Enquirer: 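I'd like to ask some things about the structure below.
A, B, ... follow the sequence lines: proteins, then strands. Residue 1 opens every chain. A quick note: this is a predicted structure, and the numbers were derived from the prediction, not measured.
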There are 4 protein chains.
Amino acid sequence: MAGSVNKVILIGNLGRDPEIRSMQSGQRVANLNIATSESWKDRTSGERRDKTEWHRVVIFNDRLVDVAEKFLRKGSKVYLEGQLQTRKWTDPSGVEKYTTEIVLQNFRGELTMLDGRNDGQGGMGDSAGGGYGGDSDSNFGGGGYGGGFGGGASSPSQGGGASSGGSGMSADDLDDEIPF
Amino acid sequence: MAGSVNKVILIGNLGRDPEIRSMQSGQRVANLNIATSESWKDRTSGERRDKTEWHRVVIFNDRLVDVAEKFLRKGSKVYLEGQLQTRKWTDPSGVEKYTTEIVLQNFRGELTMLDGRNDGQGGMGDSAGGGYGGDSDSNFGGGGYGGGFGGGASSPSQGGGASSGGSGMSADDLDDEIPF
Amino acid sequence: MAGSVNKVILIGNLGRDPEIRSMQSGQRVANLNIATSESWKDRTSGERRDKTEWHRVVIFNDRLVDVAEKFLRKGSKVYLEGQLQTRKWTDPSGVEKYTTEIVLQNFRGELTMLDGRNDGQGGMGDSAGGGYGGDSDSNFGGGGYGGGFGGGASSPSQGGGASSGGSGMSADDLDDEIPF
Amino acid sequence: MAGSVNKVILIGNLGRDPEIRSMQSGQRVANLNIATSESWKDRTSGERRDKTEWHRVVIFNDRLVDVAEKFLRKGSKVYLEGQLQTRKWTDPSGVEKYTTEIVLQNFRGELTMLDGRNDGQGGMGDSAGGGYGGDSDSNFGGGGYGGGFGGGASSPSQGGGASSGGSGMSADDLDDEIPF
DNA sequence: TTTT
DNA sequence: TTTT
């Protein structure tokens, strides 16, 4: 058919570092775990409540796999656009399962880094007046030509340890709650 | 956390009539099965291929439940906006399962009918002259005031040409049943 | 910079046939006039009111220019995604003006036909049980590989006169109200 | 008509502080200037090029006006959703002009702060240790119940690392000023 | 006029 | 299970 649209837009934080693997065909694939959260004031209790939703993201777009590998880390905040896809699989004990993922394919999908939170050792804090620190927001369009990384000075330092820093989401707190 | 976005946009067709049920709280819920499809030309074989994706949609928004019940049927084409949500449940044999759904909640979510398949009795497919007849596209906004059915001056031209008529209810017939 | 998103999503009807022109570089460009409408119940008067908004759409994507030329006509309903862009220009009397357009560029932008309303003479009504008539919904992805037209039987007849048929929007009614 | 969608999604930065004014009816209105930028590698020269687009945003939604007033400043990064609207007006010399704006209305529109530039006194840029400090991303849904500020348990971890601190107000400080 |  |  046609005349249909299947689009997911997420802004959220990576719950852990991207996982990169290669398929037998040589095609590289990146998997991201993205958390989105909502908070609201409960109408009866008046308490503030919140809920985190976890999303499985699969990137087949070569350029975006590179971007994920080089620039995204646990805690990174991203904007992304992809498509919903549900896969059927059989677990080791023979049970049929379904998994729904957000897929960024070759000429579909966008990925934009919204912070510079990929500096492991917190290079941002090393000087007074730091301001926008290691921030290197970048827009990685899904197209063949486009988007791109600002190169040069905006290249972030990645190295090192667990994601520290004043990240919006405390990935560490959530780490062992990730349901997949 | 916050600063996050969780949004799904679909245009697709209902695979079957909406299922409406009531929760113990009295809250009514509608379930939709939406198909989206893509077709593309295979790069190696040159053949045209296509793939259909099925989506589970759950509507908690009262007004939109009414709209689904009154106007949507198997085959209806809709535009909708909702949020991704994954539920964990245990099947009868004790196996844990996850189901991902697109949720349209009380002040979130939009639903717009993109065709006029709003014939209550579903006799459309088996009678002559049926089909695309009484076109009555409608926009049901998620907001409190909102959206609405194109009554009055904006009433779509149904009469006239060969493509009118059909056994479907017209927008005018339904006008005073509109749930807002 | 980067880390930014500029996206417009419209579902609406063409107020007139697409205008196709060629630039000196040979690049072809299509211009569309799209109407979107809202209706709502006035809170004080209780009357139903509505408002139509007109959008200028410019297509630089070669494939999508072809699609617009071949398949879109006055009254056609489309889904499209593009970017906002404001141009400054000077009118004949030397006054500076700004025009904001929705641009569909080479690897950005999507265009999906949501009806088959491009049959000028209403071929849909010519047989009993017509059902989905000349409907030929199609999804034209912005990507290099993708989307595509279902070919074969779904190719619509275009010919002829002013847009008749049971179209959701009565383009004729609105024709002389188009503000550009 | 109906069955139409008119939606703009932007992620960008404020070019200046929000402008808040009151209409004769008492309705408050906020105006934002938002910049979105793209960068790409020129295919012929191989140079990196970029282009900034400026957007006029008008907020009629009361809650979101408050949010803009309290939390947004020149440089703030936001996610927003609104509708395109073109206004006709006559300039002092009698020339007719059109202005296209992105409108966030009462039950339409979303606004999400994507950084923590919510320091009331604007002293951030000129004091040591400023910058990305008190990260307090917030999601201000357009709905009636909704969105909210990440207080309580979901409070972002500000303390700790080198990148914390700063002169900005923290989310907690502002908690009881939140306009919903 | 923003941001990197 | 839809739609073309």
Side-chain angles (χ1 to χ4, degrees), chain A residues 1-5 71 112-116 131-139 148-156, chain B residues 10-19 31-39 48 50-57 72-78 114-115 117 125 131-132, chain C residues 1-5 71 112-116 131-139 148-156, chain D residues 10-19 31-39 48 50-57 72-78 114-115 117 125 131-132:
Chain A
M1 196 196 56
S4 69
V5 170
F71 302 111
T112 297
M113 191 168 25
L114 293 175
D115 62 7
Y132 231 83
D135 200 321
S136 52
D137 290 2
S138 289
N139 195 353
F149 200 85
S154 69
S155 178
Chain B
L10 297 183
I11 295 178
N13 298 277
L14 273 72
R16 53 173 179 259
D17 287 354
E19 288 152 22
N31 281 271
L32 309 181
N33 271 277
I34 305 280
T36 57
S37 306
E38 275 189 302
S39 83
R48 188 144 278 283
D50 70 312
K51 182 161 174 299
T52 293
E53 192 69 36
W54 287 95
H55 308 271
R56 296 179 56 94
V57 174
L72 301 185
R73 290 293 174 270
K74 177 159 95 166
S76 295
K77 174 165 280 187
V78 293
L114 294 176
D115 62 10
R117 306 300 196 84
Y132 229 84
Chain C
M1 195 197 55
S4 69
V5 170
F71 302 111
T112 296
M113 191 169 23
L114 293 174
D115 61 8
Y132 231 83
D135 200 321
S136 52
D137 291 1
S138 289
N139 195 351
F149 200 86
S154 69
S155 180
Chain D
L10 297 183
I11 296 178
N13 298 278
L14 274 72
R16 52 173 179 259
D17 288 355
E19 288 152 23
N31 281 271
L32 309 181
N33 272 278
I34 305 279
T36 57
S37 306
E38 276 189 301
S39 83
R48 188 143 279 282
D50 70 312
K51 183 160 174 301
T52 293
E53 191 68 36
W54 287 95
H55 308 271
R56 296 178 57 95
V57 174
L72 301 186
R73 291 293 174 271
K74 178 159 94 166
S76 295
K77 174 167 279 187
V78 292
L114 293 175
D115 61 10
R117 304 300 195 83
Y132 229 85

Enquirer: Taking the side chain of B/Arg16 as heavy atoms from C-beta outward, which of F/dT2, E/dT2, F/dT1 is closest to it?
Expert: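 Looking only at side-chain atoms, B/Arg16 lies closest to F/dT1.
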
Enquirer: Rounded to the nearest angstrom, tell me the gap between atom NE2 in D/His55 and atom P in E/dT2.
Expert: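 That distance rounds to 15 Å.
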
Enquirer: Report yes or no: is the ring centroid of B/Trp54 under 5.5 Å from the six-membered base ring centroid of F/dT1, with the two planes under 30 degrees?
Expert: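 The base of F/dT1 is stacked with B/Trp54 (centres under 5.5 Å, planes under 30°).
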
Enquirer: How many angstroms lie between atom CG of C/Leu114 and atom CD1 of B/Ile11, to the nearest 0.5 angstrom?
Expert: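 Answer for the CG-CD1 pair, C/Leu114 versus B/Ile11, is 5.0 Å.
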
Enquirer: Rounded to whole angstroms, how far apart are CG on B/Leu10 and P on F/dT1?
Expert: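 The answer, rounded to whole Å, is 20 Å.
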
Enquirer: Provide, to the nearest angstrom, the distance between the CD atom belonging to B/Glu53 and the P atom belonging to F/dT2.
Expert: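 Atom CD in B/Glu53 sits about 16 Å away from atom P in F/dT2.
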
Enquirer: Rounded to whole Å, please give me the gap between CG in D/Asn33 and C1' in E/dT1.
Expert: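 After rounding, the reported distance stands at 7 Å.
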
Enquirer: Rounding to an integer number of Å, can you tell me how far D/Arg73 CZ sits from E/dT2 P?
Expert: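 Distance, rounded to whole Å: 16 Å.
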
Enquirer: Of all residues at least two apart in sequence or in a different chain, which pass the side chain to side chain contact (heavy atoms under 4.5 Å, CB included) check with D/Asp17?
Expert: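 Result, side chain to side chain contact (heavy atoms under 4.5 Å, CB included) vs D/Asp17: D/Arg73, D/Lys74.
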
Enquirer: Starting from P on E/dT1, measure out to NZ on D/Lys77 and report it in whole angstrom.
Expert: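 Rounded to whole Å, this separation is 20 Å.
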
Enquirer: Please give, in whole Å, the distance from F/dT1 P to B/Arg56 CZ?
Expert: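 Rounding to the nearest Å, CZ of B/Arg56 and P of F/dT1 are 16 Å apart.
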
Enquirer: In sequence, state the C-alpha distance, the side-chain angles, and the governing distance for D/Ile34 and D/Leu14, and then conclude on side chain to side chain contact (heavy atoms under 4.5 Å, CB included).
Expert: CA-CA 5 Å; D/Ile34 305 279; D/Leu14 274 72; 3.7 Å; yes

Enquirer: Check whether the side chain of A/Ser4 and the base of F/dT2 form a donor-acceptor pair under 3.5 Å.
Expert: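 Such a pair does not exist between side chain and base.
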
Enquirer: Please report the interatomic distance CG(B/Leu72) to CG(B/Asp115), rounded to the nearest 0.5 Å.
Expert: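 Between atom CG of B/Leu72 and atom CG of B/Asp115 there are 8.5 Å.
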
Enquirer: To the nearest angstrom, how far is B/Lys74 atom NZ from F/dT1 atom P?
Expert: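 After rounding, the gap between these two atoms is 9 Å.
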
Enquirer: Has the side chain of D/Thr36 got a donor or acceptor that lies under 3.5 Å from a partner of the other kind on the base of E/dT2?
Expert: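 No, the side chain and the base share no sub-3.5 Å donor-acceptor pair.
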
